[in-house]
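Below is one structure, written out as structure tokens; the observations come after it.
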Amino acid sequence: MANFPKGFLFGTATSSYQIEGAVNEDGRTPSIWDTFSKTSGMTYNGDTGDIACDHYHRYKEDVVILKEIGVKAYRFSIAWPRIFPEKGNFNPKGIDFYKRLVEELLKNDIIPVATIYHWDLPQWAGDLGGWLNRDLIYWYSEYSQKLFKEIGNVVPMWITHNEPWCASILSYGIGEHAPGHKDYREALIAAHHILLSHGEAVKIFRDMNIKESQIGITLNLTPAYPASERDVDRLAAQYADGFSNRWFLDPIFKGNYPEDMIELYKEEIGKFDFIKSEDLGIISQPIDFLGINFYSRSIVKYSEKSMLKWIGVEGPGAKTDMGWEIRPESLYDLLKRLDKEYTRIPIYITENGAAFKDIITEDGKVHDQERIEYIKEHLKYANKFIKEGGNLKGYFLWSFLDNFEWAFGYSKRFGIVYVDYKTQKRILKDSALWYKEVINRASIVF
Ligand code: GBH
């Protein structure tokens, strides 16, 4: 048995494009994800977010379910193309949906936590070159400022960006996410502009003096371990860590990009002339909390052939339906490391969870014992960190609902609530009922 401190924020998380649907409603225009998912071969089965969980129409019944589970907080994201369907054109109907959602949450004593950008970039911004264009910082700032003006005070926690690594490296470097480019220089340019836009939004937030609310950023962090004790493999792990973690943590908390990575990337990238000397001061200004998304670790070995100088090797542990190794101890290592090397500001786990092959059994239920074990083990290590004095303030389970899992479409189920995509019926999985108990007792039993 392990108790969580009073006020520990147990929540769940989602994002706009993954659940809302209603892509043509109330003035919304397409995002780069509408375009990407409708491009042949980009998502599993050609799945798109056109309907998704139809949350746009069902948000009230979804809040009832959140209340039933008993979450203290709910993390959602705002669809930029609903707020600014065209360049410079604010759409009041777009913000109206989030006002209603926030009101509904507050009425039910659920703290709304809003992510400003969870990858659904308006296509008009994509047409300007997306995150490769430094002007995006201006457009993102305009968008953020509008959100703060409209609902800055009623939303107590703001997250500027969800996982800059995915929005840059995975999107412009690896090509798995929209807009599907495969160019490493582009990836780092996009990463820089995203980080810079984060800093600008924080500046605007401070200038607007939104006293009751807090602002931070969410990073997906993947601890890297060497495949052996050999020096070359240790070096590989150092680079893998630079690639996934330090490239984002260092600018935010130390005001610089890691030297070893600049050195490593130089040959492939060419000049880092897209980084201006004043940028790092903007990126590194103080934030109120750090959000981390944790799913797995990586194990790497040295490879001379790879531009990055490492390749991943398979870990020994059991895997989720995504093929990601289950490794809760690494969450603990990560938290300890953040505490020691980066920051003592409050940390929130803004995402953690797992996809498994869920089925509805004859009793009409979903017995997702594996998911319960996954969550329990991660909460156990989160709790250990807290017991040792770590400043961890909350945990948001990914995800509230089964939803559109990006390139994997609807083939992967992360929810603690099952969604039947034919009928839009929601069924609380066993994990939701278990989580309800955890929240209620503010403890886990193992
Ligand atoms: C998050 O991305 C997203 O924020 C969310 O929208 C999405 O639905 C959810 O997770 C589930 O995918 O190679 O084994 O070390 C997570 C993206 C997942 C990218 C883990 C890095 C490394 C896994 N990250 N991944 S592993």
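Order of listing sets the numbers, starting from 1, for every ligand and every atom in it. All values below were derived from every heavy atom in this structure, side-chain atoms included, with hydrogens, water molecules and symmetry-related copies excluded.
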| request: List the atom of Ser296, the atom of Thr222, and the distance in Å for their closest heavy-atom pair. | output: O-CG2, 3.6 Å
| said: Taking the cut-offs as 6.0 angstrom to the six-membered ring centre and 45 degrees off its axis, would you call Arg413 and Tyr418 a cation-pi pair? | reply: yes
| field | Backbone or side-chain N or O of Asn403 under 3.5 Å from ligand 1 N or O | value | no
| said: Please state which option from Lys412, Glu405, Glu325 has its nearest heavy atom closest to atom 8 (O) of ligand 1. | reply: Glu405
| Selection from Lys319, Arg327, Arg297, His118 by shortest heavy-atom distance to atom 26 (S) of ligand 1 | Arg297
| task | Report yes if some N/O of Thr222 lies less than 3.5 Å from some N/O of ligand 1; otherwise report no. | result | no
| field | Quiz item: cation-pi between Lys309 and Tyr239, 6.0 Å / 45° | value | no
| message | Quick test of your reading: applying salt bridge (charged side-chain N to carboxylate O under 4.0 Å, His left out), list the pairs with at least one residue in residues 177-199, sequence neighbours left out, ordered by first then second residue. | response | Arg185-Asp273
| message | Heavy-atom distances under 4.0 Å decide this one: backbone, side chain, both or neither, for Cys166 against ligand 1? | response | side chain
| field | Ring-face cation contact, Tyr302 with Arg230, 6.0 Å cut, 45° max | value | no
| ligand 1 N/O within reach of Ser298 N/O, cut-off under 3.5 Å | no
| task | Kindly compute the distance separating CG (Asp260) from OH (Tyr265), expressed to the nearest 0.5 Å. | result | 9.0 Å
| field | Nitrogen or oxygen atoms of Trp324 and ligand 1 under 3.5 Å apart | value | no
| said: Is there a polar contact between ligand 1 and Gln18, counting only N or O atoms under 3.5 Å apart? | reply: yes
| query | Counting only heavy atoms on the protein side, is anything nearer than 4.0 Å to atom 10 (O) of ligand 1? | reply | yes
| field | Exercise: identify the closest heavy-atom pair between Met261 and Phe243 | value | CE-N, 3.5 Å
| said: Tell me whether Tyr295 has any N or O atom under 3.5 angstrom from an N or O of ligand 1. | reply: yes
| query | Which pair of heavy atoms, one from Leu128 and one from Asn133, lies closest together, and at what distance? | reply | O-ND2, 2.9 Å
| Can you tell me the protein heavy atom closest to atom 2 (O) of ligand 1 and the distance? | Glu163 OE1, 2.8 Å
| Distance from Leu338 atom CG to Thr343 atom OG1, nearest 0.5 Å? | 8.5 Å
| request: Number the atoms of ligand 1 from 1 as they appear, then name those within less than 4.0 Å of a heavy atom of Asn162, with their elements. | output: 4 (O)
| message | What's the separation between atom CG in Asp54 and atom CG in Asp62, rounded to the nearest 0.5 Å? | response | 9.0 Å
| request: Run the contact test for Phe408 against ligand 1 with a 4.0 Å cut-off on heavy atoms, strictly below, and give the result. | output: no
| Do any nitrogen or oxygen atoms of Asn220 lie less than 3.5 angstrom from nitrogen or oxygen atoms of ligand 1? | no
| Heavy atom under 4.0 Å from ligand 1: found in Glu351's side chain, backbone, both, or neither? | side chain
